[in-house]
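I have placed the structure first, in the form of structure tokens, so that the comments after it can refer back to it.
Counting starts at 1 for both ligands and their atoms, in listed order.
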Amino acid sequence: MTREDAATIFERIALLLELKGENTFKVRAYRTGAEIVESFSGDIMKLAAENQLAGIKGLGEALRDKLHEMATTGKLEFYEKLKAEFPDTLFELFDVPGLGPKKVAALHSELGVSSIADLKRACESGEAAKLSGFGGKTVEKILDGIAFREQHASEFRQDQVHALAQEILEALRQHPQVSNAEVCGSFRRGKETVHDLDFLVSTKQPEEVIEYFVQLPIVVDVIAKGPTKASVHATHGVQCDLRAVSRKEYPFALVYFTGSKEHNVVIRQRALARGWSLNEYAFTPVPDHADAPVIPPVHDEAELYRALDLDFIDPELRENKGEIEAAEHGGLPHLIQLENLRGVFHNHTTASDGGATLREMAHAAHELGLQYLGIADHSKSSFQANGLDEKRLLAQIEEIQALNEEMKEEGFRIFTGSEVDILKDGSLDFSDEIMVQLDYVVASVHNVFNLPEAEMTKRIIRAIENPHVTMLGHLTGRLLLQRPAYNVNIAAVIDAAAETGTIIELNASAWRLDMDWRWWKLAKEKGVKCSINPDAHSVHGLQAVIYGIKAARKGWLTRKDVINCLPLGQIEDALRAKRAM
Ligand code: DGT
Ligand code: CA
Ligand code: CA
Ligand code: ZN
């Protein structure tokens, strides 16, 4: 069980206790527990398994015991029993945007709403609008949320499948009869959301490996099973497919199942043009094709592409968006890698809505091998996120300077910054006099999402015309699988960023991955720089850069395009460049 699973269980216990009307003190203990589990620096599940949790602030004995049980058995008896008191479908309600625990409780106790279907009925009949705290607007928002959810049913974000994919891959690689194993499909291509996980192995004993796969402990039920393939549901309902092929077929199957379909179609046509047909197993000569060249041996993916006179194409690029043309003439980019990152901007601390202190965040970033950390807590208008006013911001600058003195010897630096709200009219939440005192500023939209496109575009462009706005945060405001992007003309914002020398953030949170990868190639061509920002609200949150790197690779970005690949000593100038223009 991962720490995310454990945190989710604590979070749900809190919700269920709330629904039962248990005392708020108990409810709060679980909610705090969830936060601690999520943001603890260090392997909390390992410590829990070894009974080493004593002394962690906010984690009482009852919760420590429960963590121990989860870490050692993968289950929690208390939760299973509590859950059994409610219908299963109740949990669907927690995923509907705009529905907090209070509203769920009211709907459940007063209208007997226990599922999304019930909820939809109660909203459409007008009953829900009569409950206290539910206006017509709330109901409308809930209905929009349900529609959006239905549209994205059976999709998963990276954070929901990443650990699972690694775990299954490890298990497959450990099998003595498996010579190669990979996760293919949209996951390997680094898509922001995936429908399922597609595993591929090469083996001489397919039936034995298939049998092993369907019996893995994370398998919840088996959908289908044959001699060379199987489909199962794993934890959280994620469908996982496995294909077993021979060593010889493996490179062909790897390309085929990695996709995308669109990429595969073009590759297959290219093979046909030289008289070879291509499928998931091999190249085979097309009968009666005059002067078809001899089929060369293919041992790996690179040789398969080489046989078609193409450079190796990284999986993230396989979307038929120009990669095949580029691979014909050595025009593919040398994609950025996680190891290239030297620091991270846009991180929150306990000063606003983060779970870790400035010191904890700085030490964690240093531990990760980074040279610098940019702090960007919320500004005063984001009062719901405990945004800082001028006074608190200036105090934080001093606190950072003091910590920088301490950490200087280790060659580590914290940059002072702020995630400044872009107000409705495009003005900023802090004055120039305040912003000039910061090393950098991230400007973001956090409210009034429903403007017409032209107005929203003007608002954002006005904000980034300010010379103190170093970078633009989460450009479209989308929350994957939960909230669509607001209306904004992205191409126009990219043009304005190029003109004003504003960096655009690639927000690496698995919920956002915003600006979307589909726009980065254009941004890069216009000369706009990227900053891969974890938007970390905890020590653990810094890890989100792995999702950001995937998205950046998908957007054709190299280390040269991403400013936080610059080392200390060079990054300072990059942050100052716009103000100096
Ligand atoms: P997903 O699962 O919707 O997130 O996206 P994919 O790309 O993983 O799609 P999936 O799981 O249906 O299939 C995995 C790969 O297998 C896909 O990327 C390409 C290949 N594939 C599947 N069906 C076809 C097909 O009908 N034609 C071709 N050329 N390739 C296919
Ligand atoms: Ca797939
Ligand atoms: Ca599939
Ligand atoms: Zn933000």
Side-chain angles (χ1 to χ4, degrees), residues 154-158 160-162 164-165 168-169 182-200 213 223-224 226 229-234 237-243 253-254 256-264 280 315 318-319 344-349 351-354 374-388 417-423 428-429 441-449 460 463 469 471-479 483 485-486 504-509 511-515 531 533-537 541 544:
S154 77
E155 281 180 53
F156 300 89
R157 289 184 316 273
Q158 291 271 347
Q160 296 172 300
V161 293
H162 189 85
L164 179 67
I168 296 179
L169 192 56
E182 197 55 82
V183 200
C184 303
S186 48
F187 183 86
R188 185 168 184 234
R189 299 199 312 279
K191 279 285 296 291
E192 67 278 25
T193 57
V194 304
H195 280 102
D196 63 2
L197 294 174
D198 305 286
F199 295 90
L200 175 70
F213 172 71
I223 303 163
K229 58 183 179 181
S231 285
V232 301
H233 282 125
V238 183
Q239 183 177 327
C240 296
D241 298 342
L242 173 66
R243 275 289 188 129
L254 191 53
Y256 183 90
F257 291 111
T258 296
S260 65
K261 270 179 200 137
E262 293 75 10
H263 175 90
N264 288 355
E280 62 264 56
R318 300 181 197 171
E319 298 289 349
V344 281
F345 295 104
H346 191 171
N347 300 290
H348 299 266
T349 72
S352 65
D353 58 349
I375 295 299
D377 272 312
H378 287 287
S379 62
K380 61 190 180 203
S381 289
S382 278
F383 48 85
Q384 74 292 347
N386 191 24
L388 282 64
S418 173
E419 183 179 17
V420 177
D421 270 17
I422 300 176
L423 306 180
L428 294 155
D429 204 15
V441 166
V442 186
S444 308
V445 169
H446 285 126
N447 60 10
V448 200
F449 292 149
I460 293 174
V469 170
M471 52 184 94
L472 174 61
H474 44 71
L475 196 159
T476 74
R478 75 176 180 190
L479 292 179
R483 182 173 81 197
Y486 39 69
I504 296 182
E505 155 179 293
L506 198 176
N507 191 299
S509 159
W511 285 84
R512 296 189 182 270
L513 296 171
D514 186 10
M515 179 168 84
S531 180
N533 292 346
D535 197 352
H537 285 73

Original post:
Of all N/O/S atoms in Glu419, which lies nearest to the Zn ion (ligand 4)?
Top reply: OE2

Subject >> Steps toward side-chain contact (heavy atoms from CB on, under 4.5 Å) verdict (Arg157, Glu155) >> reply: CA-CA 7 Å; Arg157 289 184 316 273; Glu155 281 180 53; over 6 Å; no

Original post:
Looking at the Ca ion (ligand 3), which N/O/S atom of Asp241 is the nearest one?
Top reply: OD2

**OP:** Flag His346 as yes if one of its N/O/S atoms falls below 2.8 Å of the Zn ion (ligand 4), otherwise no.
**Re:** no

**OP:** Could you tell me whether any N, O or S atom belonging to His378 is less than 2.8 Å from the Zn ion (ligand 4)?
**Re:** no

Original post:
What is the NE2(His446)-the Zn ion (ligand 4)-NE2(His474) angle, to the nearest 10 degrees?
Top reply: 90°

Original post:
Hey, are His195 and Gln239 close enough side-chain-wise for a donor-acceptor pair under 3.5 Å?
Top reply: no

Subject >> Distance-only polar pair, side chains of Asp429 and Ser381, donor-acceptor under 3.5 Å >> reply: yes

Original post:
Shortest non-hydrogen contact from Ala234 to Cys240?
Top reply: CB-SG, 4.0 Å

**OP:** To 10°, measure the OD2(Asp198)-the Ca ion (ligand 2)-OD1(Asp196) angle for me.
**Re:** 100°

Original post:
Using the ring of each side chain (for Trp, its six-membered ring), is His446 parallel, tilted or perpendicular to His378, with breaks at 30° and 60°?
Top reply: perpendicular

